[in-house]
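Heads up: numbering here begins at 1 and tracks the sequence.
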Amino acid sequence: MLTLLQSVTPVPRDIPLPLPLPEWLLVVLLVVSFLAHILFVNLMLGGSLLTLWAQVKGMKDKAYDTLAYEIAKTITVNKSLAVVLGVAPLLSINVLYTVYFYSANALTGLMWISIIPLVTAAFLLTYLHKYAWHKLEAHKGLHIAILGLAVLIFLFIPLIFLTNVNLMLFPEKWGTVKGFVSALMLPNVFPRYLHFLCASLAITGLFLFWYFGRRRYAFETRFETISLYYIRKCMYSLTLGTSVFQFVLGPLVLITLPAKGIQWNLIVVVLCGAAAALPAMYWMWKGITGKPEDIGKNFGRVITAMSLTVLLMASGRHVYRSNALAPHKKLVAEKTKAFEKLSAAARAQPAPEESAAVAVATPHAAGKAVFQTNCASCHKKDGRLVGPPVTEMVSIYHNDLPGLKAWIRKPGKKRDDYPQMPGFPQLSEQEMTVLTDYILSVK
């Protein structure tokens with residue numbers, strides 16, 4: 001039995017190029033730049049959702065329409081910052097996880113490419129919604145529909161990103177995933193997505209608590225029937241409620257993540273992040289239930305504690321990614337090293353006029369090269385590696401060359417104590433012939 005690696009996990013070769021910066025520095029840049037990017041993504045999405053809610057409610061209460069208008073002013077700004085700040089983490093993850101990121105891109109296919117036109121469409125819709133506010137005053141249904149379509153796109157784009165980034169963590173799924181929908185159905189995608197949505201609402205609640213409470217913001221000249229205290233209390237309540245719900249979603253996310261990346265370093269980081277959120281939730285509760293004039297008393301503490309929580313949770317994402325991919329990255333490095341060794345040996349081959357003599361001296365050289373590229377990571381001459389030894393193959397198929405070829409093309413599963421091997425339909429008939437000749441020549 002031949003197999004590339006444990007079960008059907010693909011093990012591609014890496015690109016043997018040095019990193020432009022020390023790895024630890026690239027990791028820091030990835031985490032920090034991702035936090036800056038996701039902050040404004042959260043504000044963009046959360047602001048859009050709250051604007052839509054307030055505008056629908058504003059069809060019966062003019063005060064909420066005003067609230068929607070004020071929140072809508074922030075969306076386009078936060079959207080632009082989200083895009084600009086998304087460049088750095090995208091470049092960092094490309095450099096650190098090239099093989100994994102591009103493999104996931106290829107598997108999610110057209111849906112990944114569609115992000116660009118979707119982002120463009122959503123941005124145009126938000127600008128149309130913002131600048132046509134007064135012109136469409138008499139056509140509220142149409143105006144709300146414009147924002148509703150933008151919100152749907154804003155909800156879908158992060159789902160594409162999350163599905164793609166999630167898929168890169170699980171090379172063992174690459175052989176079974178058949179496009180975006182298949183990757184979307186991995187069990188941990190939707191819990192992580194709900195976690196992201198709650199975070200967007202929680203962060204937007206804190207942002208608007210500050211935004212409407214600024215000294216230079218003339219609240220009284222814009223709102224006549226609702227008070228600043230009411231708005232700030234609503235925003236605190238939104239943040240507190242979604243934060244409480246995160247304590248339900250968090251364990252669900254961990255449970256649905258494959259166990260290969262869950263180690264003690266991850267558990268410690270996640271628990272510290274949850275612990276940092278508890279005092280922030282207490283201070284928000286005190287603000288909601290206390291005197292109106294004291295509602296913003298502990299806002300600085302809330303921001304500090306929640307920032308620490310966000311930093312730890314973002315670090316936890318990287319810890320899980322590092323844990324999950326470490327064994328596979330080791331195998332990729334080994335395969336890359338083997339390929340470089342074979343490449344160096346090929347370059348050291350004799351000149352063309354000497355090739356015939358070399359071929360006579362080593363009649364199975366071509367088959368051995370095919371074996372080293374496709375089989376050597378799991379099979380050795382004597383003794384079990386991942387699959388059985390070559391000598392065992394010889395004992396089974398020594399008088400059955402067609403049978404060996406058929407097995408390599410489309411293998412089955414014979415024994416429970418060995419993993420299922422993938423087929424090798426990609427090998428040409430000539431490669432298959434020299435490979436099987438080489439295998440049966442081993443003594």
Using ring centroids (six-membered ring only for Trp), state whether [Y] and [X] fall under 6.0 Å.
{"X": "F299", "Y": "W283", "answer": "no"}
{"X": "H328", "Y": "F170", "answer": "no"}
{"X": "F180", "Y": "W112", "answer": "no"}

- Message: Using 0.5 Å steps for rounding, measure from the NE2 atom of H139 to the CD atom of E137.
- Response: 10.5 Å
Using the ring of each side chain (for Trp, its six-membered ring), is [X] parallel, tilted or perpendicular to [Y], with breaks at 30° and 60°?
{"X": "Y217", "Y": "Y211", "value": "tilted"}
{"X": "Y100", "Y": "W174", "value": "tilted"}
{"X": "F123", "Y": "F154", "value": "tilted"}
{"X": "H379", "Y": "F371", "value": "tilted"}

- K62/D65 salt bridge by N-O under 4.0 Å criterion: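 K62 and D65: salt-bridged.
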- Task: List the atom of L240, the atom of W285, and the distance in Å for their closest heavy-atom pair.
- Result: CD2-CE3, 3.9 Å
- For the student: nearest non-hydrogen atoms of L50 and T204, plus distance: CD1-CG2, 3.7 Å
- Message: So for atom CD, which belongs to E23, do other residues, nucleotides or ligands contribute more than 12 heavy atoms lying within a distance under 6.0 Å?
- Response: no
- Task: Check whether NZ of the Lys or CZ of the Arg R214 lies under 6.0 Å from the centre of the six-membered ring of W210 and within 45 degrees of that ring's axis.
- Result: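 Judged by the rule, R214 and W210 form a cation-pi pair.
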